[in-house]
Novice: 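The structure that follows is given in the form of structure tokens.
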Amino acid sequence: MSNTRAIGRATQVLAVVLGALVIAGGILFTTLRATESLMFTVNIAPPRDRVPRIGGDADLEAFYRTVTIIDEDAPGWVRLLAWIPNAAMGLLILAGCVFVFVQTRRMLHGTMFGRFTTVGLAVLGVLAVAVAVLAPIVDAQATVVALADLGVNVLDPRSGLYDSPDLAGADYVVPAPVGSPRQLLAQTNWLLAGVGGILVLLAVAAGRGERMQRDSEGLV
């Protein structure tokens, strides 16, 4: 019993430390997103062995068929969109730390299942799936908005001109299409989505366990 309590206390301490690190990292990341330059890496068409001419006013770092655009004066709207995907992941981790801390506390007091367990697992599962699917979409939208703000020559990837040898003498960047089925399949974090699905299934199992626990308590 003493070993169980020691492990439980250690788990709670670990959850608190990890949560504090996530909060500190979130503050630092938010500060950097609000003050430092933003970088967006996109494909370029047609490929050239030189620094591309894509229009607009931005610093470039070209590598083969991609170019990294450095936006030193990104507006607040762009910074917010670029901040959301990482902030959502941090929120998910922080929510997981809170769940582990509270659930461990309940277990140390002899309560294995309860409404908190069921609801907590379900919320974590749904949040994980949402972050896995929506974060890449928001990130792609941040890139599109940033390119438009910089006045960069943008080529619609659905136009069929990606491999054209001559695009009116100008280079174009080709951002990922926002919200397209192909992008969803390619960019979704399937590992995180799978973990979210497992958490939802565990929530269903926990709900069943909660009902069995209430029934057994009624028989005592």
Side-chain angles (χ1 to χ4, degrees), residues 15 18-19 21-23 25-30 32-34 38-45 65-69 71 74-103 115-150 152 154-160 162 173-208:
L18 182 57
L21 290 176
V22 170
I23 293 174
I27 294 174
L28 176 61
F29 176 77
T30 300
L32 293 176
R33 271 287 181 260
L38 299 183
M39 294 188 295
F40 304 92
T41 300
V42 289
N43 292 330
I44 183 172
R65 295 190 69 166
T66 65
V67 58
T68 297
I69 300 173
D71 190 353
W77 176 239
V78 176
R79 293 182 182 276
L80 176 62
L81 287 175
W83 172 83
I84 287 176
N86 296 94
M89 182 64 72
L91 176 62
L92 175 61
I93 297 174
L94 185 60
C97 291
V98 172
F99 174 81
V100 169
F101 180 88
V102 177
Q103 182 63 20
R115 183 57 56 87
F116 173 82
T117 305
T118 304
V119 174
L121 287 172
V123 169
L124 286 176
V126 172
L127 184 59
V129 173
V131 171
V133 175
L134 297 180
I137 296 177
V138 176
D139 188 56
Q141 182 62 39
T143 301
V144 171
V145 173
L147 296 177
D149 179 73
L150 291 169
V152 171
V154 177
L155 179 66
D156 187 341
R158 296 167 298 183
S159 64
Y162 185 88
V173 297
V174 188
V178 178
S180 69
R182 182 177 181 180
Q183 189 221 5
L184 286 176
L185 291 174
Q187 300 298 326
T188 293
N189 187 335
W190 291 107
L191 177 60
L192 182 59
V195 171
I198 292 173
L199 290 174
V200 172
L201 293 178
L202 287 176
V204 175
R208 176 61 178 170

Novice: Would Val131 and Asn189 satisfy side chain to side chain contact (heavy atoms under 4.5 Å, CB included), going step by step from the backbone distance to the final call?
Specialist: CA-CA 8 Å; Val131 171; Asn189 187 335; over 6 Å; no
Novice: Does some side-chain heavy atom of Val129 sit less than 4.5 Å from a side-chain heavy atom of Val200?
Specialist: no
Novice: Heavy atoms only: give me the nearest Ala203-Leu121 pair and the separation to one decimal.
Specialist: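 Of all heavy-atom pairs spanning Ala203 and Leu121, the closest is CB-CB, 3.7 Å.
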Novice: For Pro175 and Val154, work out which heavy atoms get closest and say how close.
Specialist: CD-CG1, 3.5 Å
Novice: Mind listing the closest non-hydrogen atom pair of Leu124 and Gly96 along with its distance?
Specialist: CD2-N, 3.7 Å
Novice: For a 4.5 angstrom cut-off between non-hydrogen side-chain atoms, does Val78 reach Phe40?
Specialist: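 Yes - at least one pair of side-chain heavy atoms lies under 4.5 Å apart.
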Novice: So Leu94 and Ile23, do their side chains get closer than 4.5 Å, heavy atoms only?
Specialist: yes
Novice: Can you measure from CG (Leu202) to OG1 (Thr118) and round to the nearest 0.5 angstrom?
Specialist: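 Leu202 atom CG to Thr118 atom OG1 measures 10.5 Å (nearest 0.5 Å).
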Novice: Kindly give the heavy-atom pair with the smallest separation between Trp190 and Leu185, and that separation in Å.
Specialist: NE1-O, 3.0 Å
Novice: Could you measure the distance from the CG atom of Leu147 to the CG atom of Asp71? Nearest 0.5 Å is fine.
Specialist: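 If I round to the nearest 0.5 Å, the distance is 9.0 Å.
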Novice: Donor-acceptor pairs under 3.5 Å, side chain of residues 132-144 to any protein atom, not counting sequence neighbours: which ones?
Specialist:
from: Thr143; atom 1: OG1; to: Asp139; atom 2: O; distance (Å): 3.3

Novice: What pair of heavy atoms forms the shortest contact from Val145 to Trp77, and how long is it?
Specialist: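 In this case the closest contact between Val145 and Trp77 is CG1-CD1, 3.6 Å.
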Novice: Do Leu80 and Arg33 come close enough that some side-chain heavy atom pair is under 4.5 Å?
Specialist: no
Novice: Please say which of Leu127, Val22, Val195 ends up in a side chain to side chain contact (heavy atoms under 4.5 Å, CB included) with Leu92.
Specialist: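 The side chain to side chain contact (heavy atoms under 4.5 Å, CB included) with Leu92 is passed solely by Leu127 among Leu127, Val22, Val195.
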Novice: For Gly19 and Cys97, which heavy atoms make the closest approach, and how far apart are they?
Specialist: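 It is N-SG, 3.7 Å.
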Novice: Write out all pairs satisfying side chain to side chain donor-acceptor pair (under 3.5 Å) with one or both partners inside residues 78-95, taking only residues at least two apart or from two chains.
Specialist: Thr30-Trp83
